[in-house]
Student: 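Structure in structure tokens, see below.
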Amino acid sequence: MGIQQKALPLQFTISSSSKGYYQDSNQKTLHLQHGATHVPEKGGAGRWAWIGLFAAELWLGFHCLLSLLLRWNIIYRHTFKDRLKRYEHDLPGVDIFVCTADPTLEPPILVINTVLALMAYDYPTEKLSVYLSDDGGSDLTFYALLEASDFSKHWLPYCRKYNVEPRSPAVYFRSVPKSIGGDHAVAFASIKTLYEEMKNRVETTTKLGRIPAEIRAKHNGFSKWDSFVSRNDHDAIVQIVIDGRNPNEKDIEGLTLPSLVYLAREKRPHHFHHFKAGSMNALIRVSSEITKGQIILNVDCDMYSNNSQAVRDALCFFMDEKKGHQIAYVQFPQRFENLTKNELYGTSLRIPTEVELHGLDGCGGSNYIGSGCFHRREAISGMKFSKDLGIPKRRQATMEGSVEELEEKAKAVASCSYELNTQWGKEMGVKYGIAVEDFVTGLGIQCKGWKSVYFNPERPGFVGLAPTSLSQVLAQQKRWGEGNLQITLSRYCPLVYGHNRISLVHQLAYCHYNLRAVNSLPTVYYCTVPALCMAAGIPLFPEVSNPWFLPFVYIVVAKCSSSLSEFLYCKGTAKGYWNGQRIWLYKQTSSYLFAFVDTILNLVGLSNMKFAVTAKVSEDDVSKRYEKEIMEFGVSSPIFTVLTTLALLNLLCLAVGAYKVAVEGWWTAVLETMALQIWLCGAFVLINLPLYEAVFSRKDKGRMPSSVAVKSAAIVGLIVLYFCNSQCLSADLKTVFLQLMGEKRTDLGASV
Ligand SMILES: O=c1ccn([C@@H]2O[C@H](COP(=O)(O)OP(=O)(O)O[C@H]3O[C@H](CO)[C@@H](O)[C@H](O)[C@H]3O)[C@@H](O)[C@H]2O)c(=O)[nH]1
Ligand SMILES: [Mn+2]
């Protein structure tokens, strides 16, 4: 279809700057200046503690500056879907990739709900294909997909006719619309029954753990599992479950169905499979043998489509006449349906999705966050940007050949050996060797000259499941922190790899994420040394009467109030903010600390990269506690030992401090010299209240395991012993005590 007049743009962008944040960093500079000019003399009390604190300050100050970049130029984008009509006959093919890895952690019924929602996009069905990659290689998942293909024959016409949202059946039936009546009510009842029956069948086989013989006999697809040894040792399985061209595979209204393909790439024990990145690359190749869609949408198996218009939204960017040819990917935010009111674990990603990704977009382009992202096939396959490629439009060639031929060709490219001596995982496809394959792949694409878009519409495009226990949350954060640090230490470090390819601001903005794991060291320092020094009577910050005290107070107040107002502005609750601060602290002092250590071990070859899949289901009692916003510890993990140790140490230090204040009667001196340390230690104790409760008073299964508590108490004991015996410290202590008891109280701040 030609475009008569000058075409109106399909999308537009507005930007708003939030440059007020600079005040915060100005104060930080003052703060640092004090640190630099007030180092205690040699032999002075706490000289090393002071120097360490100054180094920690320097690092955190630098990281704070990086975070400002993400707030400097915030970009919001809008689309005009109605104008896309001018391309209605030229719309490109869209191949959708869903990845799953484990039928226990990711139940087949959840996976097929995602698949069904994606199949039901408002998009020409002959141009839509859904691929399910199953790294679990499970016939249970395959069976569920067969069931979904049958159910889709009813579900798609229903969605079309009544224009329902969302189109994940499970979510739709859970949020039963109130206003249906007449004809629709009858259709609703009958489709619901069909769904319930299917769900029962799928859940029964899942529970059973195997496919009963009578079901197996009905579909010869199951014969592909005859040679199956284990999930890590099997041939490639490719099955075209629905061939969109087949006249016999129509929905109940006689309309074409989207093509549906099951893939379990070949796995061998001696062949490293590169986790999700490996499965994405297999999907890129398999789909290029079968449907060859020019646009690829990638979602995690729990991220259902929540808006049937999202494909059209994305195409407004790709097909925009002026800028569309530059766009490599359109990233939607990841939203979650299972959040509690006050976001117990801070898993809403509120600030990243509402602020930072808009800001990164303003710095030059959003990163790829693994799910809910539309890619242009050429870009994700590794091609450099070239304006000659134009905007992605319908191509003539789609599926060619019989189903058997297509499956054979696809199997060949899904084999382990296919990638040997190729650029796959390096210059082609999703990159290997980094635990956040999405992040590094997005960066790589931008470095090849492409642009990207972050699109955050009012109605979320994709909604998934956030982890529901603290150990899962921290394990996920560890993977992310580790992956990001791996990037910094690899050849993909934004400052090196991005040099001359993306702008300096963009490189630095990326570094904000890539250096997160390093923050663990100064944070742990902050959570231990000031408290220990406080208990020992060594002041580290200026005393209350010192004019330098003010910048310190200001920075605390400014930092807290700006982050709180940002959080409230993004529609969070005050308690949610408080919970978020706790999780921030836990991430820094455990996930990122472990990530830091693991990355170093990985670098020297002492540890291997892992990808612990996040569970999408949890036991009943765990879910109940989650709904009541009670923190879930329960497992004996080294991560919890670190958290408990820090919490107990601070509690002890605060108790010692309080004892001195109350009993030893040096009230004014303590408060005068150590108000900030007491405040820091007190805030730390306050934020840890749920942890103390889990250690000391809870009786349920989610409490802190006693083995963790015992280990932590022992470590605290050792630290205190070491601290008390340390020679230099005793000298320090002596000086301070002498000074405290003598006349020269007011000189104290200056002497340390
Ligand atoms: O060997 C594997 C491991 C995982 N997955 C799939 O990858 C997806 C993401 O895994 P999940 O455990 O849910 O991790 P999250 O931390 O929630 O995922 C985020 O972070 C990952 C990188 O760490 C990205 O891959 C994801 O897209 C992004 O949503 C899921 O669909 C898994 O089935 C595989 O296909 N193969
Ligand atoms: Mn996930």
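One-based numbering, in listed order, for ligands and for the atoms of each.
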Student: Hey, which atoms in ligand 1 end up nearer than 4.0 Å to a heavy atom of Trp480?
Tutor: 16 (O), 19 (C), 20 (O), 23 (O)

Student: So which of His273, Glu437, Arg265 gets nearest to atom 25 (O) of ligand 1, if we judge by its closest heavy atom?
Tutor: Glu437

Student: Heavy-atom pairs closer than 4.0 Å: do any link ligand 1 to the side chain of Arg479, the backbone, both, or neither?
Tutor: side chain

Student: Does the residue Asp302 have a heavy-atom contact with ligand 1, meaning some pair of atoms that are separated by less than 4.0 Å?
Tutor: no

Student: Between Ile75 and Tyr454, is any pair of side-chain heavy atoms under 4.5 Å apart?
Tutor: no

Student: Start with the C-alpha gap between Glu427 and Arg491, add the side-chain angles, then the distance that decides, and say whether salt bridge (Lys or Arg N to Asp or Glu O under 4.0 Å) holds.
Tutor: CA-CA 12 Å; Glu427 291 304 312; Arg491 72 187 197 89; 3.1 Å; yes

Student: With a 4.0 Å heavy-atom cut-off (strictly under), which part of Ser133 contacts ligand 1: side chain, backbone, both or neither?
Tutor: neither

Student: For ligand 1, indicate whether the residue Met303 contacts it via side chain, backbone, both or neither (heavy-atom separation under 4.0 Å).
Tutor: neither

Student: Answer yes if the side chains of Asp134 and Tyr262 hold a donor-acceptor pair under 3.5 Å, and no otherwise.
Tutor: yes

Student: Students should be able to answer this: which protein heavy-atom is nearest to atom 15 (P) of ligand 1, and at what distance?
Tutor: Gln476 NE2, 3.4 Å

Student: Can you name the one residue among Lys267, Arg268, Lys411 that meets salt bridge (charged side-chain N to carboxylate O under 4.0 Å, His left out) with Asp235?
Tutor: Arg268

Student: Do Glu482 and Asn602 make a side-chain contact, defined as non-hydrogen atoms from C-beta onward lying under 4.5 Å apart?
Tutor: yes

Student: At what distance is the nearest protein heavy atom to atom 30 (C) of ligand 1, and which residue and atom is it?
Tutor: Glu106 OE2, 3.5 Å

Student: Numbering the atoms of ligand 1 from 1, which are under 4.0 Å from a heavy atom of Ser279?
Tutor: 35 (O)

Student: Give the atoms of ligand 1, by number and element, whose distance to some non-hydrogen atom of Phe275 is under 4.0 Å.
Tutor: 1 (O), 2 (C), 36 (N)

Student: Please determine if Cys301 has a nitrogen or oxygen closer than 3.5 Å to a nitrogen or oxygen of ligand 1.
Tutor: yes

Student: Which of parallel (below 30°), tilted (30 to 60°) and perpendicular (above 60°) describes His375 and Tyr329?
Tutor: tilted

Student: By the definition salt bridge (charged side-chain N to carboxylate O under 4.0 Å, His left out), identify the one residue from Asp102, Asp300, Asp135 that meets it with Lys276.
Tutor: Asp300

Student: Give the atom numbers and elements of ligand 1 that come within less than 4.0 Å of a heavy atom of Thr100.
Tutor: 33 (O), 35 (O)

Student: Could you list which atoms of ligand 1 come closer than 4.0 Å to a heavy atom of Ala435?
Tutor: 22 (C), 23 (O)

Student: Output yes when a side-chain donor or acceptor of Glu419 lies under 3.5 Å from a complementary backbone atom of Gly425, and no otherwise.
Tutor: no

Student: Which atoms of ligand 1 are found less than 4.0 Å from any heavy atom of Gln334?
Tutor: 28 (C), 29 (O)

Student: Distance to 0.1 Å, residue and atom name: give those for the protein heavy atom nearest to atom 27 (O) of ligand 1.
Tutor: Lys276 NZ, 2.8 Å

Student: Any donor-acceptor pair under 3.5 Å linking the side-chain atoms of Ser415 with those of Arg265?
Tutor: no

Student: With a 4.0 Å cut-off, would you call Lys624 and Asp620 a salt bridge?
Tutor: no

Student: Tell me, which protein residue and heavy-atom name are nearest atom 26 (C) of ligand 1, and how many Å apart are they?
Tutor: Asp300 OD2, 3.4 Å

Student: Please list the nearest protein heavy atom to atom 31 (O) of ligand 1 with its residue and the distance rounded to 0.1 Å.
Tutor: Cys99 O, 2.7 Å

Student: What atoms of ligand 1 come within less than 4.0 Å of a heavy atom belonging to Asp438?
Tutor: 24 (C)

Student: Could you tell me whether a side-chain N or O of Glu407 sits under 3.5 Å from a main-chain N or O of Ile240, the two making a donor and an acceptor?
Tutor: yes

Student: Under 4.0 Å from a heavy atom of Lys616: which atoms of ligand 1 are those, numbered in the order shown and with their elements?
Tutor: 11 (P), 12 (O), 13 (O)

Student: Are any of the side-chain nitrogens in Arg231 or Glu266 under 4.0 Å away from the carboxylate oxygens of its partner?
Tutor: no

Student: Judging by distance only, is a nitrogen or oxygen of Ala101 under 3.5 angstrom from one on ligand 1?
Tutor: yes

Student: Any nitrogen or oxygen of Thr614 lying under 3.5 Å from a nitrogen or oxygen in ligand 1? Just yes or no.
Tutor: yes

Student: Verify whether one side chain among Asn579 and Glu343 offers a donor that lies under 3.5 Å from an acceptor in the other.
Tutor: no

Student: Can you list the steps and then say if Lys478 with Asp598 is a salt bridge (Lys or Arg N to Asp or Glu O under 4.0 Å)?
Tutor: CA-CA 9 Å; Lys478 180 188 164 243; Asp598 251 16; 2.8 Å; yes

Student: With backbone taken as N, CA, C and O and side chain as the heavy atoms from C-beta onward, which portion of Asp135 lies under 4.0 Å from ligand 1: side chain, backbone, both, or neither?
Tutor: side chain

Student: Got an N/O contact under 3.5 Å between Phe611 and ligand 1?
Tutor: no

